[in-house]
Trainee: 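Take this structure, written in structure tokens, and hold onto it; I'll ask about it next.
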2 protein chains.
Amino acid sequence: MAITETVDRILDAAEILFAEKGFSETSLRSITGKAKVNLAAVNYHFGSKNALIQAVFNRFLSPLNDLMVIGLKANRWGEKDGNIPTIEDVLGLYTRSLLKIPTRHHNGVSIFMRLLGLAYTQSQGHLRKYLEDEYAQTFWPFLSLIKQITPELSTKERFWRTQFVLGSMAFTMSSIQQLTDILENKAGSTPNPEEVVDYLVPFLAAGLNAPSVKKVNVSSD
Amino acid sequence: MAITETVDRILDAAEILFAEKGFSETSLRSITGKAKVNLAAVNYHFGSKNALIQAVFNRFLSPLNDLMVIGLKANRWGEKDGNIPTIEDVLGLYTRSLLKIPTRHHNGVSIFMRLLGLAYTQSQGHLRKYLEDEYAQTFWPFLSLIKQITPELSTKERFWRTQFVLGSMAFTMSSIQQLTDILENKAGSTPNPEEVVDYLVPFLAAGLNAPSVKKVNVSSD
DNA sequence: GTATGTTTAAAACAAACGTTTGGAATAATT
DNA sequence: AATTATTCCAAACGTTTGTTTTAAACATAC
């Protein structure tokens, strides 16, 4: 066996640097430098830089997947009839699962959320394919619940509203540090991800619960 | 004078490639190759790659700024008392201003939104500083209206809800192409940005109008 | 012990990057 | 037409990138 410490050191350094600078902007030399390991160690253990990026995600996604499964079973939703959760319940379950992911740093969750946001926008091809395979199964029960709760929405509108939710979450979390910096110039507090989530959930819930669009007509002149 | 066509060709190619791949992932050689101009032309006309990135943004932000000013004056909001717009009005004004930006391609708006999303997340330092200076003035009246409409919200909560709105918009538009690809596997239609905006506005309006958070308590066990 | 897998060190690799240069070509001005 | 200013182009510059290689040291297991 011999669980190598080098692998963890590389992953620890990589996830921080990736979150700070992005994937392309982070060199293997800066990672191995921060991790205090040899440059060749990355290619030895992971094979390539792209494989390292995926490994960083995998360390978050695996426990998240487990937490979602556990959370769904703990509550008696899903199969039972008449026991329909509210949207707040579903969003709360998901965000709380996110916050429960065990991490090495106290900023672990925001790092993961930022990485997710980066992955969505930078969209490196290989990462997108990997996430579609790996993340989709984690997301499937979430989408299923949303569908169960909003039966009056058309498939199309539900799809887009779900994307709006994901967009708000990923975007906010991915830039939470920069946004916090801006806010500190006005107020004096330093919000943590948990606090932001408390603001985020009712916002998204109201959006999901909004009445359906029939015919939009916003012509002004 | 002599308005050089080369400058426009470079900008046209650059905005497409930046939107597709990101800033760091797009090389000057691929830009000049697509634009069919010499490699040195970028540094000759713009000075540096970073300056080119800012020039790409400037071509969108200048007309957007004008459109927002015009739109605000056309409607009699803002200064007048008793003539308070709804949130839907404000969001509609903003999104319609976005859609009115004159572009060279039919996908112009989604390209711009994607660039905005990239700028937010990739956060290149120089870009952030540039956008804070240039974009802030465009945004200020928008924020002012939001404040006017939601007087019951605390400054902090209003700030975050505004960020959620921006996040949803930027994120959705920035990945609208990829999302459309996914949707086409289910439905058979090809949504355009205008249609997505029609779904987006009521969603965001409901979120902004959601009752304020007092004390969040979602403990389950 | 020998063998196997891990780590480090140092160096080199080809490829790609942004940027610079000097002269040719073109346009504008006198 | 002659002169000046601007634009363009091919080539090269110096870095940095991810990756590979070779060698030696280290650990663990059989």
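Chain identifiers are assigned alphabetically (A, B, ...) following the order of the sequence lines, protein sequences preceding nucleic acid strands; residue numbering begins at 1 within each chain.
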Trainee: Taking atom P of dT19(C) as reference, at what distance in whole Å does atom CD1 of Ile10(B) sit?
Mentor: 13 Å
Trainee: Whole Å only: how far is the CG atom of Asn50(B) from the C1' atom of dG18(C)?
Mentor: 10 Å
Trainee: Ignoring hydrogens and geometry, is there a side-chain-to-backbone donor-acceptor pair from Thr32(B) to Leu28(B) under 3.5 Å?
Mentor: yes
Trainee: Which is true for Thr32(A) with a 4.0 Å heavy-atom rule: it touches a base, it touches only sugar-phosphate, or it touches nothing?
Mentor: nothing
Trainee: Rounded to the Å, how far apart are Ile31(B) CD1 and dT19(C) C1'?
Mentor: 14 Å
Trainee: In plain terms, say whether Arg114(A) and Glu20(A) are close enough for a salt bridge, that is, a side-chain N and a carboxylate O under 4.0 Å apart.
Mentor: no
Trainee: Would you jot down, in residue-number order, the residues of residues 36-48 of chain B having a non-hydrogen atom under 4.0 Å from DNA chain C?
Mentor: Leu39(B), Ala40(B), Asn43(B), Ser48(B)
Trainee: If you write DNA chain D from 5' to 3' in dot-bracket form, with Watson-Crick or G-U pairs under 3.5 Å, [ ] for crossing pairs and | for pairs with another strand, what do you get?
Mentor: |||||||||||||||||.||||.|.|||||
Trainee: Send over the distance from Arg29(A) CZ to dT8(C) C1', rounded to a whole Å.
Mentor: 16 Å
Trainee: Are any of the side-chain heavy atoms of Phe164(B) and Tyr199(A) separated by less than 4.5 Å?
Mentor: yes
Trainee: Hey, are Arg59(B) and Asp12(B) close enough for a salt bridge, meaning a charged N less than 4.0 Å from a carboxylate O?
Mentor: yes
Trainee: Roughly, in whole Å, what's the span from CD in Glu5(B) to C1' in dC8(D)?
Mentor: 13 Å
Trainee: Rounded to whole Å, please give me the gap between CD1 in Ile53(A) and C1' in dT19(D).
Mentor: 15 Å
Trainee: Looking only at side-chain N and O atoms, does Tyr130(B) offer a donor or acceptor that is under 3.5 Å from a partner on Asn58(B)?
Mentor: yes
Trainee: Tell me if a side-chain donor or acceptor on Thr95(B) pairs with a main-chain N or O of Gly92(B) at a distance below 3.5 Å.
Mentor: yes
Trainee: Under 3.5 Å, is there a donor-acceptor pair between the side chain of Thr26(A) and the main chain of Leu17(A)?
Mentor: yes
Trainee: Determine the interplanar angle of the Phe112(B) and Phe60(B) rings, folded into 0 to 90°, and report it as parallel if under 30°, tilted if 30 to 60°, perpendicular if over 60°.
Mentor: parallel
Trainee: Measure CD/Glu25(A) against P/dG18(D) and give the value in whole Å, please.
Mentor: 11 Å
Trainee: Would you please confirm or rule out a distance under 4.0 Å between OP1 or OP2 of dC17(C) and any side-chain N or O of Ser27(B)?
Mentor: yes
Trainee: Taking 4.0 Å as the cut-off, does a side-chain nitrogen or oxygen of Thr6(A) come that near to OP1 or OP2 on dT6(C)?
Mentor: no
Trainee: Between atom CD of Gln163(B) and atom CZ of Phe203(A), what is the distance when rounded to the nearest 0.5 Å?
Mentor: 10.5 Å
